[in-house]
Amino acid sequence: MGSETPLKLPIIDFSNLGQNPGAAEWDLVKLQVRKALEEYGCFEALFDKIPAESRKAIVGAVEELFDLPLQTKMRNASKKPYHGYVGQYPQVPLFESMGIDDANIAEEVESMTNILWPQGNQSFSNTVLSFSEQVSELDQIVRRMIVESLGLEKYFDEHMNSTNYLLRVMKYKGPQTTETKLGLTSHTDKNIVTILYQNQVDGLELQTKDGCWIDLKPTPDSFIVMIGDSLYAWANGRLHSPYHRVMMRGNEARYSVGLFSVPKAGYMIKAPEELIDEEHPLLFKPFDHVKFLGFYYTEAGQRAQSALKTYCGV
Ligand SMILES: O=C(O)CCC(=O)C(=O)O
Ligand SMILES: [Fe+2]
């Protein structure tokens, strides 16, 4: 037989949707979203509301951020685990990361900007804020489609009001080898929805349900949309939360930026009763995402095959 076709993620175009839930185009795209999230937990998205200048500017801003001295970057602190500066890890020496909580709220972005640039950096905070606002629109469309496709429109407002946006930026040094080196270990995201944008250095890989790894090759125009464990739990297993990792080769640094919708501390994530029946018994007891994150970063949490199952599996 001939060679196998390489596996490829579905590409979904959100550009011509209009603002009209219920229109024919909306329903078509909604079906594609549901199918991709059941099958892969992930898809590549085109969304022209995020203009080319905005995409170019964010990559520049991320580079500028990582070029700051280490002492400065370490001032990027957060009370929540993995929301602030991460780097210099012996097990993943290529990886560095920082985060901005509430990246769609001007005062929050400005206050983090001032911590990093006490003399101010208006263009950095403008770029981060407008990129986060634009990407959050895509997050909202995707989540509206998910909730609708599950027949759970009545929970939409509660679902949206229970989350914040975290913008995380990542840098992976080129390993200066032709052989592939680990950039970020295989994991599932713990939040609701993650939307990723990268410079044009590939490296992100996604595991399919049957255990194959797909190389993701988003274009300068496209975003990777992926669901995390909190949405998997809320949907009582109806959608897949995929393992993914970053593998690096060559000399060039990879920069990526992700907008993460994250459940608020104190909010209990709980599958709606409509999604629980004999065929679909409850998979996870109600849990607080921030407490779950706390467990994930303990030794037991890191050791677990599925931290979510160990933490609150029924
Ligand atoms: O750098 C990437 O593209 C992926 C980053 C990632 O998986 C994460 O931050 O959870
Ligand atoms: Fe991830």
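Whatever order the structure lists ligands and atoms in, that order sets their numbers, starting from 1.
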Problem - Test item: Arg238 side-chain N/O and Leu275 main-chain N/O as donor-acceptor pair under 3.5 Å - result: yes

Practice task
Establish, from distance only, whether the side-chain atoms of Thr219 and Asp221 form a donor-acceptor pair under 3.5 Å.
Solution key: no

Problem - Donor-acceptor pair, side chain of His289 and main chain of Ala265, under 3.5 angstrom - result: no

Problem - Which of the ligand 1 atoms, numbered from 1, are nearer than 4.0 Å to a heavy atom of Ser256 - result: 1 (O), 2 (C), 3 (O)

Exercise for the section: Pick one of side chain, backbone, both or neither for how Tyr243 approaches ligand 1, counting any non-hydrogen atom pair under 4.0 Å. Expected result: neither

Exercise for the section: Find out whether the Lys NZ or Arg CZ of Lys190 is both under 6.0 angstrom from the six-membered ring centre of Phe292 and within 45° of the ring's axis. Expected result: no

Handout entry: Proximity to ligand 1 by part of Thr194, non-hydrogen separation under 4.0 Å
Key = neither

Practice task
Consider ligand 1: state whether an atom of it lies below 4.0 angstrom from any non-hydrogen atom of Met170.
Solution key: yes

Problem - atom 5 (C) of ligand 1: nearest protein contact (heavy atom, Å) - result: Tyr172 OH, 3.5 Å

Problem - Asp229 and Thr188: side chain donor to acceptor below 3.5 Å - result: yes

Problem - Donor-acceptor pair between His187 and Asp189 side chains, under 3.5 angstrom - result: yes

Handout entry: Environment of the Fe ion (ligand 2) in terms of protein N/O/S atoms, cut-off under 2.8 Å
Key = His187 NE2, Asp189 OD1, His244 NE2

Practice task
Select one of side chain, backbone, both or neither to describe which atoms of His244 lie under 4.0 Å from any atom of ligand 1, heavy atoms only.
Solution key: side chain

Problem - atom 6 (C) of ligand 1: the protein heavy-atom neighbour that sits closest, reported with distance to 0.1 Å - result: Leu184 CD2, 3.6 Å

Problem - Ser222 and Glu44: side chain donor to acceptor below 3.5 Å - result: yes

Exercise for the section: Decide whether a cation-pi geometry holds between Arg144 and Phe156; the criteria are a distance under 6.0 Å from NZ or CZ to the six-membered ring centre and an angle within 45° of the ring axis. Expected result: yes

Exercise for the section: Determine whether the side chain, the backbone, both or neither of Arg254 has a heavy atom under 4.0 Å from any heavy atom of ligand 1. Expected result: side chain

Practice task
Take every heavy atom of His187, measure it against each atom of ligand 1, and state whether any distance is under 4.0 Å.
Solution key: yes

Exercise for the section: Could you walk me through whether Trp213 and His244 pass the ring pair (Phe, Tyr, Trp, His ring centres under 6.0 Å) test, one step at a time? Expected result: CA-CA 8 Å; Trp213 286 98; His244 54 285; 8.7 Å; no

Problem - Rounded distance [0.5 Å steps], OG1 in Thr113 versus CG in Asn126 - result: 9.0 Å

Handout entry: Ile224, portion touching ligand 1 at heavy-atom distance under 4.0 Å
Key = neither

Practice task
Determine, using heavy atoms of Met226 and all atoms of ligand 1, whether some pair is separated by less than 4.0 Å.
Solution key: no

Handout entry: Identified salt bridge (charged side-chain N to carboxylate O under 4.0 Å, His left out) partner of Glu148 from the options Lys30, Arg34, Lys154
Key = Lys30

